[in-house]
Amino acid sequence: MEMLLQRLRDSASDAEDLLDELDYFRIHDELRGTYHAADKHNKGYIRDLALNARHTAKAVGNLVSCCPWQCAKHRQRSHCGSSSAQDTNQDVNGCMPKLGKLLPFASSSRPHVGDHDHGNAQETPKLEFNRVESSQKMKGIVEKLQRMRNEVNTILHGCGPRNAPNITQSHPITTGRIDEPKLYGRDCVINSIIHDITKGQYCDKGLSVLPVIGPGGMGKTTLVQHIYRNQQVQNHFPVKIWICVSLDFNLDKVLEQIKRSIPRVRSEKECSTTEELIERRLKSKRFLLVLDDIWRISNGDDWGKLLSILKKSEEKGSMILVTTRFQAISEEVKTIDHSVELNGLECEDFRKLFFAFVFGNEQCGKDKQFLLETGDKIMEKLKGSPLAAKTVGRLLSKHHTLGHWKRVLKSKEWETSNNGIMPALKLSYDFLPFHLQQCFSYSALFPEDYHFTSHELINLWVGLDILISSDQNKTFEDIGLSNLNELVIHGFFREEKTYGDMRYVMHDLLHDLALKVTSHDCLSSRLPDVGSMEILPTTRHLSITIDDLGKYDAAFAKKLKIQLEEIKTRFKVEHLQTLMLFGKMDEDFVKIFGEFWGELITLRILHLPIMLCPMESMLRNFSRLVHLRYLCLGTYESQMHLPLGISKFYHLRILDLELWGGGRDLPEDLSNLAKLCHFYVPSEPAFHPDIYNVGKLKLLEELKVFQVNKKSEGFEPKELEHLTKLRELGIYNLEKIDTVEEAAQAKLMEKKYLRSLTLHWDSERPSVEPSMEAVVLESLQPHGDLQVLCIRGHGGQCCPTWLGDEFAVEALQSLYICGVSWEVSPSLGKAWDLRELRFEDIARLKEFMIEKSFCMLTKLEFIGLGSLENWVYPAEQESPSSGELLPLDAHMFPLLQVLKIRNCPKVSGMPFSNHIVSPDWFPKLQELEVHDCPEFLMIPISLTGSLCSVMMQSVKMLNWFFYSKSSDGAQLHIIGEGDLHSIDQVLVFDKETSVEKLTLKRCPPLELKHILMLTSLKTLIVDHSNCNSGKELTDLLPHLPKLSKLEICGCQNIKKLVVGVDVQQTTQEAAAAAAEEEDDGVLLFPPHLCDSLRELEFSFCRELVLVDPPTLVPGGGGWLQALRSLQRLTIQNTPKFLSTFSFSYHIFPSSLQFLRLWDVKGLRTLEPLSNLSSLTILELYYCGEDLKCEGLQYLLTTGGQLSKLEVNGSPGFFAGWDPNPKQDLEDEEVEEQQTQFVSSTLQELSTDDAAGLLSAPICSFLSSSLTKLGLYGDWPSKMERFSKEQEDALQRLSSLQELDFCRFDDLQQLPAGLHNLTSLRKLAIYYCPAISSLPNDGLPDSLQELSVESCRNEELKQQCRGLVGTIPKIKLNR
């Protein structure tokens, strides 16, 4: 029977191909005025006879001819065909039946198209129709189908009646018994639910319904079983009922099971109905009802009836737990505001569960450690699914051998297990309607973990001809989106936003399922694993993901070619209907696969998104692929041209050039593609403006750019007349329309499917005719169902009547008006569905009318409105002129989420006086932006509620105001102006906020009431706030328990810093010391900062001094050592900070990892830093000319971690330093200590003390670690050349990979011997004007990059140019 069905599929496909071919050549005839494929000649019977005689004679001639050239010609014939296409409202295939819909997995015979032109590959071959051969084939196929029909009838007559299998029979029935004794990774969830239903939020409520939702195999049932059997739950609920719904929710069955599960009561009557018995038995009892595994509620009223019966119980706290795979079911049944969503287990929990099934406990024994690497790879594939862990774990437990585990990893044999994850997922698949099964299964042609766009999926489905709808008004897009949403609801796809765009992702296991159910005709593979592909003779759809083939050698390529030839013996390449290639298709790919694709003739779908070679070299039969429905071509090779044969694919429905970065030359006859529905193009205007005679594409759904009268013919407005299927249209250069009649030819009113329309006048046109442009726009009135309208550059003085008093686009959702000359805004009082509104660059608009219809508005933008002054209210609410407030229930913008006002110099503020998040004006506002509005008066903003982003710039009182709230926390940045006197003028501190980062610049000081609302603050930056004194900050810091980063910049009123003091618990000595400071200049760090502070910065605090009274710090550890968690410290332009420092102490805590000191005086050596064992980066800038590197070795050797050092402004820093001095060693201990200094941890070094650094001892010390060295012109002396000793020392840096010379004003030449630096990869010379040549002894062979910038020496540059070709990268500037 299976063989018979396959033969039937093959014959049906042959028939469809033949009819498709006939349809193709009838279109071909129509375009060329011929009748080769016509039923009859339109010029009468005689012409019919002549036509048939001519074709018959030609066929006979081919049969009897024995001429060699004719035989060769016959052999060269290449066969093409075409297939059906479906109009959105009608069958565009003419008479062709849809046999492929009945037998979708059909094969195709070789079509009957001759090619007599094998000339230039860029030329389109001449195709001709063989009328006689097609007739014979048609007769043969009909006879074959009739014989198979008789065979099928015979078989069916011999079979008795059969019932369709019920998938519920294979669905396991669950009970309240715990199947898995231990639950992994769900403790928090289960404890939370048990608490809520026994002691928490549901106890004092009526009946509550809590859904537990998740994909198959995630442990929903197991979770609820543990709750059901929990002793606390058992005690709390006198009545407990467990019902396995098993797919379809049937109210009568559920009620019957509830009745059987509840104990009888004495007052029951025999004649009572099931509902009455349940009500009587539960009247005074608290109950727990579990409805496990609901898939569908066919009758929505049934659920309501069940709840109404169960709510008759008088006891509070009853509970229903529902488990389901589907979000839609969850939303339908829940009575509370949330559900419990189960996803895969966390890695560690999943590992324990997996090991429990594999080894019998949660640990892997030492004798099994060799299995872990393979086990980890298997676990990664299971994505945290408990059911998968059980299935695969038990499979692995059979044999603890590496061979067995690797076979499981490779073969995935666990998928066939009767109790495994695949049957669970397959059950979900079986439950889908057939059309959704097709859409899901064919999606496996995309690679695993692929992030689909909606149109990628829908294009595939359209190309496969599997989108079917009984609604003639629905387009392919409508049907496809409906199917996609259904698959999301059923859990087969997951929605995921990527860079603001919605993408769809398929779980790896679901991808495996899709491959499994389509394995008879689909294959998805990855190169270079083609040799191991299991390909069936029935394969019709193929996708290949291509790795970089260029990295493989010629032997591999030869082997791959042999494997491909062997594969061709297992299936017929010419029968492929789908070919999708992912990855780079370059010359290496073409060399291997060029011949393999040579026989492709029946493709419906061709997906080539990254072509690096011309189409003619990839698919030599491309021009003969006349069956194509969907063609996707992409490249980033700008010189590549589109193949000319595109215009001959008469059945093409979708042309996707969205990723095409090559030439933009369209074939002039593209309008021959009369069945084209979608033509996707790159984001910038391309291709659409170049379609000549676009009016022939009557099924086209998007035309983003139509340029009026672009050429003398083929671009007139009348071309738009018959494009009635358009959904998106942009009409440009409307200034070229001279008459109302010409504008009316576009017939926009008749385009009932049009949803988006752009009307554009060129802003750079030489002249404007307001009256003509006004009547033209009036004539371009669209259909009333339009949703998005954009008007740009219109020169008329007012908006059209259909957008004004006679508002006719009531379905409008988005309106964008830009660069028009209107004085009055459109009348939008009837635009009740308006969601987005933008006015941009409208110079004459003075007022904006606030309409009641803005109740749905979510986004409002005013940009470049130079004259806008007033917000105008409806007449019945007009009150601002009198100073009265609008009613509190005004509700003007109840759903507004985004408000942007830019470059509107006369706008003075908001249309109300109370703060921005008024519950009646902007209760849903998320994003607010106002900038370059100098008259705009800032209104206090509350940072609670829905507000997520605020940006104010160049408004009154504020130079800059930025607020951002995300999942990572909230941050606030304020830069004030002179008229900002209190933070209360711009912020409302009425509730605690989630602000974690606060930056205040030129702002008045924070008050205690503000700080008390900033309990989440982790970062505080105070910048140039002269009003902030030490005392004010001292009072505030104790109230910031989470503070981990503090930056203080330019605060001249802070004079002294004391660390580690508890202001409330100071000793008498400390109190006396503090009392001596009568001014407010002392900043005291409270004790809690010693543990919480991670980063600290003081900059431009010119008078600040670090004070260290030991009595103030209990337990010792003076200076900044009390900050024991500090990791990053920056002190810059604060010269007095260490002025009271005593060299007998360490200054900084040993926890420091980063230290920058800039213009900090008083540090004469690095000995005080010797305790910084965690320091990795040290930057010292202008810390005194007397600063020496003594003590540096402690940071660079054993116990130190310093990897990067920058020193500038201390010219004698390295002078005379010997990091490993030679001494007379008196004992072994001293000798051992000395050996610690032989190597360094330093990897990067930048210094202006080149003379001191380049000594033999220092360079020997750094030789094994230093990879990057930057030498800066020494100061104040002027170096002209390096000494012989310095050159020799430099050559000791054997690990150096990058060397920079910068700002040596007088340096005449680079040091000799650079060619001995055999590891050097980059040499850079910056701002060294006196250097005229490279070293005479050359540069190292290892050099990969030479950069010479701002040296202004032409001789040096010329020498560098001469090295082009010997050094891979040479960069020369100025």
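This structure is a prediction, so every number in the text was calculated from the model and none was measured.
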Would you indicate whether the side-chain heavy atoms of [Y] and [X] approach each other to under 4.5 Å?
| X | Y | value |
| --- | --- | --- |
| Val708 | Pro717 | yes |
| Cys677 | Leu697 | no |
| Val820 | Phe839 | no |
| Phe476 | Leu699 | no |
| Leu729 | Ile731 | yes |
| Leu600 | Leu619 | yes |
| Tyr636 | Ile610 | yes |
| Thr602 | Arg604 | yes |

With side chain to side chain contact (heavy atoms under 4.5 Å, CB included) as the test, would you mind laying out the steps for Leu703 and Leu720 before giving the verdict? CA-CA 10 Å; Leu703 183 59; Leu720 302 175; 3.8 Å; yes
Using every non-hydrogen atom in the two residues, find where [X] and [Y] come nearest and quote the distance to one decimal.
| X | Y | answer |
| --- | --- | --- |
| Glu742 | Thr739 | N-OG1, 3.0 Å |
| Leu845 | Ser825 | CD1-N, 3.3 Å |
| Gln781 | Ala808 | NE2-CB, 3.3 Å |
| Gly795 | Pro770 | O-CB, 3.6 Å |
| Lys696 | Ser671 | CB-O, 3.5 Å |

For [X], side chain to side chain contact (heavy atoms under 4.5 Å, CB included) partners two or more places apart:
| X | value |
| --- | --- |
| Met772 | Glu769, Val775, Val776 |
| Thr453 | His455, Glu456, Arg503 |
| Cys798 | none |

Taking atom CD of Gln797 as the centre, does the number of heavy atoms from other residues, nucleotides or ligands within less than 6.0 Å exceed 12? no
Could you tell me whether Asp805 atom CG has more than 12 heavy atoms of other residues or ligands within 6.0 Å of it? no
Determine, stepwise, if the pair Lys751 / Glu721 fulfils salt bridge (charged side-chain N to carboxylate O under 4.0 Å, His left out). CA-CA 9 Å; Lys751 303 187 191 318; Glu721 179 179 357; over 6 Å; no
Using a 3.5 Å distance criterion without hydrogens, assess whether the side chain of [X] forms a donor-acceptor pair with backbone atoms of [Y].
| X | Y | value |
| --- | --- | --- |
| Trp802 | Leu780 | no |
| Trp461 | Cys439 | yes |
| Thr758 | Cys790 | no |
| Arg844 | Ile842 | no |
| Glu574 | Ile601 | no |
| Arg653 | Gly463 | no |
| Thr635 | Met611 | yes |

State the [atom1]-[atom2] distance between [X] and [Y], to the nearest 0.5 angstrom.
| X | Y | atom1 | atom2 | value |
| --- | --- | --- | --- | --- |
| Glu773 | Ser821 | CD | OG | 8.0 Å |
| Glu477 | Thr475 | CD | OG1 | 6.0 Å |
| Leu676 | Tyr650 | CG | OH | 14.0 Å |
| Leu445 | Ile605 | CG | CD1 | 7.5 Å |
| His722 | Lys698 | NE2 | NZ | 5.5 Å |
| Met580 | Ser543 | CE | OG | 6.5 Å |

Which one of Leu655, Ile654, Leu657 satisfies the side chain to side chain contact (heavy atoms under 4.5 Å, CB included) criterion with Tyr680? Ile654
Could you go through the side chain to side chain contact (heavy atoms under 4.5 Å, CB included) check for Ile646 and Leu631 one step at a time? CA-CA 9 Å; Ile646 288 177; Leu631 176 62; 4.1 Å; yes
According to the interplanar angle, ranging from 0 to 90°, do the rings of His607 and Tyr630 count as parallel (below 30°), tilted (30 to 60°) or perpendicular (above 60°)? tilted
Just distance, no hydrogens or angles: give the donor-acceptor pairs under 3.5 Å from side chains in residues 685-694, sequence neighbours left out.
{"from": "His688", "atom 1": "ND1", "to": "Lys704", "atom 2": "N", "distance (Å)": "2.8"}
{"from": "His688", "atom 1": "NE2", "to": "Phe679", "atom 2": "O", "distance (Å)": "2.8"}
{"from": "Asp690", "atom 1": "OD1", "to": "Lys710", "atom 2": "NZ", "distance (Å)": "2.2"}
{"from": "Tyr692", "atom 1": "OH", "to": "Glu713", "atom 2": "OE2", "distance (Å)": "3.3"}

Mind checking whether Phe649 and His651 have ring centres under 6.0 Å apart? no
Pairs involving residues 726-738, ordered by first then second residue, that meet salt bridge (Lys or Arg N to Asp or Glu O under 4.0 Å) (sequence neighbours left out): Asp478-Arg727
Could you list all the salt bridge (Lys or Arg N to Asp or Glu O under 4.0 Å) pairs where at least one residue sits in residues 775-800, not counting sequence neighbours? none
Walk me through whether Phe715 and Gln707 qualify under side chain to side chain contact (heavy atoms under 4.5 Å, CB included). CA-CA 7 Å; Phe715 295 91; Gln707 294 181 352; 5.7 Å; no
Ring pair (Phe, Tyr, Trp, His ring centres under 6.0 Å) partners for Phe706, two or more places apart: none
Got a sec, which residues hit ring pair (Phe, Tyr, Trp, His ring centres under 6.0 Å) with Phe452, two or more places apart in sequence or on another chain? Phe446, Tyr450, Phe493
Side-chain donor-acceptor distances from residues 809-819 under 3.5 Å, at least two apart:
{"from": "Gln813", "atom 1": "NE2", "to": "Asp833", "atom 2": "OD2", "distance (Å)": "3.4"}
{"from": "Tyr816", "atom 1": "OH", "to": "Glu836", "atom 2": "OE1", "distance (Å)": "2.6"}

Those residues that, when tested against Asp669, pass salt bridge (Lys or Arg N to Asp or Glu O under 4.0 Å) (two or more places apart): Lys648
For Glu716, all residues meeting salt bridge (Lys or Arg N to Asp or Glu O under 4.0 Å), sequence neighbours excluded: none
Go through the side-chain N and O atoms of Asp665 and His641 and say whether any donor and acceptor fall under 3.5 Å apart. yes
Assess the residue pair Leu828 and Leu837 against the criterion (side chain to side chain contact (heavy atoms under 4.5 Å, CB included)); give the C-alpha distance rounded to whole Å, side-chain angles, the decisive distance to 0.1 Å, and a yes or no. CA-CA 10 Å; Leu828 302 174; Leu837 178 61; 3.9 Å; yes
With ring-ring contact (aromatic ring centres under 6.0 Å, His included) as the rule and sequence neighbours excluded, what pairs involving residues 761-787 come up? Trp761-His794
